[in-house]
Number of protein chains: 2
Amino acid sequence: MAKHLTNKSAVTIKDVANFANVAPSTVSKVLNNAGHLSDETRLRVQDAIRKLNYRPNSIARSLRKNHTRTIGMINNSHTNKNTFVLQLMVGVEEAASQEGFSVFLCNSSASQSKENEYLEVLLDKQVDGIIFLDNVVKERHLPAAHLSNVPLVFLNQYPQEALYPSVIPNDVQGAKLATDHLIALGHKRIGFINGRLKHKASHLRLEGYQAALKAAGLTFDSQLVQGKDIWDEEGGYLSVNDLMALTNPPTAIFCANDPLAIGALDGLRQLGLSVPDDIALIGFDNSLAAAQKRPALSSIEMPFLDMGKLAVKLLLESLEGKVSNTVHKLNCHLIQRSSCGAKMRSSF
Amino acid sequence: MAKHLTNKSAVTIKDVANFANVAPSTVSKVLNNAGHLSDETRLRVQDAIRKLNYRPNSIARSLRKNHTRTIGMINNSHTNKNTFVLQLMVGVEEAASQEGFSVFLCNSSASQSKENEYLEVLLDKQVDGIIFLDNVVKERHLPAAHLSNVPLVFLNQYPQEALYPSVIPNDVQGAKLATDHLIALGHKRIGFINGRLKHKASHLRLEGYQAALKAAGLTFDSQLVQGKDIWDEEGGYLSVNDLMALTNPPTAIFCANDPLAIGALDGLRQLGLSVPDDIALIGFDNSLAAAQKRPALSSIEMPFLDMGKLAVKLLLESLEGKVSNTVHKLNCHLIQRSSCGAKMRSSF
DNA sequence: TGTCCTTAAGAAATCGATTTCCTAATATTA
DNA sequence: TAATATTAGGAAATCGATTTCTTAAGGACA
């Protein structure tokens, strides 16, 4: 039979007890800093623990204590090629480990049945809580979770019903941030290139763009909003041509994501226009590709790492009995690089 | 006290036993398909299980069975912005879950001390095995792991000492594949743009490029190998200019990664050269950005998903007692898009 | 000095399963 | 028919901790 399945960490609390000439319960008390112990025995036990290289078996401990200090993370996104999932995961893991929790990674590949299977496995494993990452499933389809009392939080999902806490990025604020930046640089005619319209993010980013215009007393010109209902470079390339063909073209362009901005940059170059000297350009996502472009593209960074951390914080709070079903929107950050010509600031 | 910490899945094997009027040991026997049971009691117990919605507590089971059907994955890379880590993780998770294993995600952020902490936590949690992902640590610095008998495998790490099985990509084969493709398309003067020379991948990809040339009877011209000791777009942009300034410039270029290829594409466009009509171009990594470029860049896909799966397979094999310390190199795949003008094939 | 309280530490129960061992009933064989 | 083997199912031990319950010893106080 499997050689490694047996015979793991051989030394148990009993061994320590024998070595230190005390009862197992006494060893447990020094481990948990509980009960009344004399300094002398405490030291003797600690010495035995060190000498025997003893580490308590978490499984046994969990069985008795009725918690595992473990959380499950079910990833429902199907994009293995987007780093934002990784950033969310890293955020979750980092915050969890800081609080002494381990995290189970599950990839449902956006399949409802797989998600339910994972849910049951996690529940069987007695996780203390579960985070749904980029979940596409409606909250009410969580039968197993409802039966048990395990706290849930939703990460990067616009909630359908507010039964559980959730954390999402503030797209509106991010888009406003980008537009404000261009306005602050002195631009008055600012173009907006949008992405896939069936995605909520498109509308939210347009909303932020419009909010910034309004706040600055600039009139909204619908001609300055272009898009090919797609998120990729070609969409940016095509749209920037539309924009520059206007009788009164923009002096700055905000793109709803980085590939669009990269496409726009290519298009502008083709038109013989220089970024940032002739026109300012800013993207959204802060992708690696944006940073590596020449000129390096300014962009909006979404707070994925912090979102992951907040999700854990909220989970731990429900664990402590705080009930909440709030939607938490986290702000984006402006990443200034050379594509907006930020030195314009000095020319005010 | 924490509301959710108690009171989880209330129904235990004892409840089922009571309901079905049998002993807990009998219920266990139907759960594990062991021992001698009459059909009648088996059915009665199964019915009770269904009626009570009973699911066995994995923690209790693990304690008794001395295995957890859980593996740990320690990620040592510090790049949250590269998708290859995500792909490796997804591969590991997918293969593990298929075999009924759950996986703990740990991010050491390339810190040796954090890695050791995670190692101990995982061992405390009684994982059945551990996968080191993109490990920068020398194998011999794994004290806790050596003491316990937990099997280890190294993923995406060039091993220092072959104490454990490891799986890595076949960079040489991948580079040869790219070069072979260009050769098959009729090219005889093929340029190579390399990346950071302190990275092993640079040398391996150069090696593959040279091997392909040699196999095709093409002479190696060192002038055709350029690079700025960097992996990003600017390196590609600069190098392609060097290449095209040659008295006898190449008709095709293989770049050691996709950002280099993207930079090269920009450079060629700037020079008034069309891809693929004037010159063929292929990258390495199969990044999202490469797919989204116009023209879409051909590239080499590294087998990260399969690498992750193989790592799990190897781990499970050690779990079953098969000792092995082999290095497994997995082949890369050619992703044909439009940047090489593959229709040239028909003009032979 | 006797009573009460506090402290130190061990014995035993417990968490929820699995596994070993045992007993009784039934079937098989000589 | 008697001896033996097989089957069904339960009792109890076990995994490795924690927790509750006890007991004994020592200290404080009247």
Side-chain angles (χ1 to χ4, degrees), chain A residues 1 5-46 48-49 52-70 123-126 128 148, chain B residues 1 5-46 48-49 52-70 123-126 128 148:
Chain A
M1 182 39 198
L5 250 34
T6 52
N7 227 73
K8 266 178 217 165
S9 119
V11 31
T12 72
I13 201 172
K14 225 171 154 183
D15 299 322
V16 176
N18 286 147
F19 190 93
N21 243 300
V22 294
S25 51
T26 305
V27 177
S28 176
K29 277 166 198 157
V30 349
L31 287 172
N32 294 283
N33 242 312
H36 307 282
L37 275 323
S38 73
D39 287 351
E40 194 252 319
T41 46
R42 180 189 315 280
L43 255 41
R44 191 150 39 90
V45 169
Q46 283 167 342
I49 288 173
L52 297 180
N53 217 312
Y54 167 72
R55 305 215 94 218
N57 179 326
S58 301
I59 295 296
R61 178 175 279 184
S62 289
L63 179 60
R64 186 66 240 246
K65 290 204 172 189
N66 204 34
H67 67 242
T68 52
R69 294 195 83 74
T70 285
L123 261 14
D124 291 349
K125 292 234 154 126
Q126 312 294 115
D128 294 334
S148 73
Chain B
M1 182 38 195
L5 249 35
T6 52
N7 228 75
K8 267 179 216 163
S9 117
V11 31
T12 72
I13 201 172
K14 223 172 154 183
D15 299 321
V16 177
N18 286 147
F19 191 93
N21 245 299
V22 295
S25 51
T26 305
V27 178
S28 175
K29 275 165 198 155
V30 349
L31 287 173
N32 294 282
N33 243 313
H36 307 283
L37 275 325
S38 73
D39 286 351
E40 194 253 319
T41 47
R42 181 190 313 280
L43 254 41
R44 191 150 40 90
V45 169
Q46 282 168 341
I49 288 173
L52 297 180
N53 216 311
Y54 168 72
R55 304 214 95 217
N57 180 326
S58 303
I59 295 296
R61 179 175 279 182
S62 290
L63 179 59
R64 186 65 241 248
K65 289 205 173 187
N66 205 32
H67 67 241
T68 52
R69 293 195 83 73
T70 285
L123 261 14
D124 291 350
K125 292 236 155 125
Q126 312 294 116
D128 295 335
S148 74

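Quick caveat, the model's predicted, so the values are computed rather than measured. Note: hydrogens, waters and symmetry copies are ignored here, and every other heavy atom, side chains too, is used. Throughout, a chain's letter reflects where its sequence line sits, starting with A, and its residues are numbered from 1.
- Per the geometry, CG belonging to A:Asn57 stands 17 Å off P belonging to C:dG16, to the nearest Å.
- Listed for the A:Asn18 side chain is no donor-acceptor partner under 3.5 Å among the backbone atoms of A:Asp15.
- Atom pair A:Leu63:CG and C:dG16:P shows a separation of 7 Å (rounding to whole Å applied).
- Note: NE2 (B:His67) to C1' (D:dC15) measures 13 Å, nearest angstrom.
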May I have the list of side-chain donor-acceptor pairs in residues 22-31 of chain A shorter than 3.5 Å, sequence neighbours left out?
unit_1: A:Ser28; atom_1: OG; unit_2: A:Asn32; atom_2: ND2; d: 3.4

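- Annotation: the span from A:Asn57 atom CG to A:Ile13 atom CD1 amounts to 10.5 Å, rounded to 0.5 Å.
- For the atom pair CD1 of A:Ile59 and CZ of B:Arg64, the computed distance is 15.0 Å after rounding to the nearest 0.5 Å.
- Atom C1' of nucleotide C:dG16 and atom CG of B:Leu52 are separated by 15 Å, given to the nearest angstrom.
- For B:Arg61, there are no side-chain hydrogen bond (donor to acceptor under 3.5 Å, both in side chains) partners two or more places apart in sequence or in a different chain.
- What separates CG of A:Asp15 from P of D:dG16 is a distance of 9 Å, to the nearest Å.
- Across B:Tyr54 and B:Val11, no two heavy atoms sit closer than the pair CD1-O, 3.4 Å.
- Fit an axis to the five pairs at each end of the helix from C:dT1-D:dA30 to C:dA30-D:dT1 and the two axes sit 50° apart, to the nearest 10 degrees.
- With rounding to the nearest 0.5 angstrom, the CG atom of A:Asp128 is 6.5 Å from the NE2 atom of A:His67.
- Of the residues in residues 35-45 of chain A, not one comes within less than 4.0 Å of DNA chain D through any heavy atom.
- Here the CG atom belonging to B:Asn66 is positioned 7.0 Å from the CD atom belonging to B:Gln126, to the nearest 0.5 angstrom.
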Legend entry - Audit row: A:Arg44, A:Thr41, side chain to side chain contact (heavy atoms under 4.5 Å, CB included) steps and yes/no: CA-CA 5 Å; A:Arg44 191 150 39 90; A:Thr41 46; 2.9 Å; yes
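- Although no hydrogens or angles enter the test, the distance criterion places no donor-acceptor pair under 3.5 Å between the side chain of B:Thr68 and the main chain of B:Ser62.
- Residue A:Asn66 contributes atom CG, which lies 7 Å from atom P of C:dG16 at whole-angstrom precision.
- Using a 4.0 Å heavy-atom distance criterion, A:Asn21 is classed as a sugar-phosphate-only contact.
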Inset, instruction - Between protein and nucleotides 18-25 of chain D, map the contacts as a letter string: B base, S sugar-phosphate only, - none, heavy atoms under 4.0 Å, written 5' to 3'. - result: BBB-----
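- Partners of B:Thr70 under the side-chain hydrogen bond (donor to acceptor under 3.5 Å, both in side chains) rule, at least two apart in sequence or in another chain, are A:Lys125.
- Across the protein-nucleic acid pair, A:Ile49 atom CD1 and D:dA17 atom C1' stand 13 Å apart, rounded to whole Å.
- With rounding to whole Å, A:Asp124 atom CG is found 13 Å from C:dA17 atom C1'.
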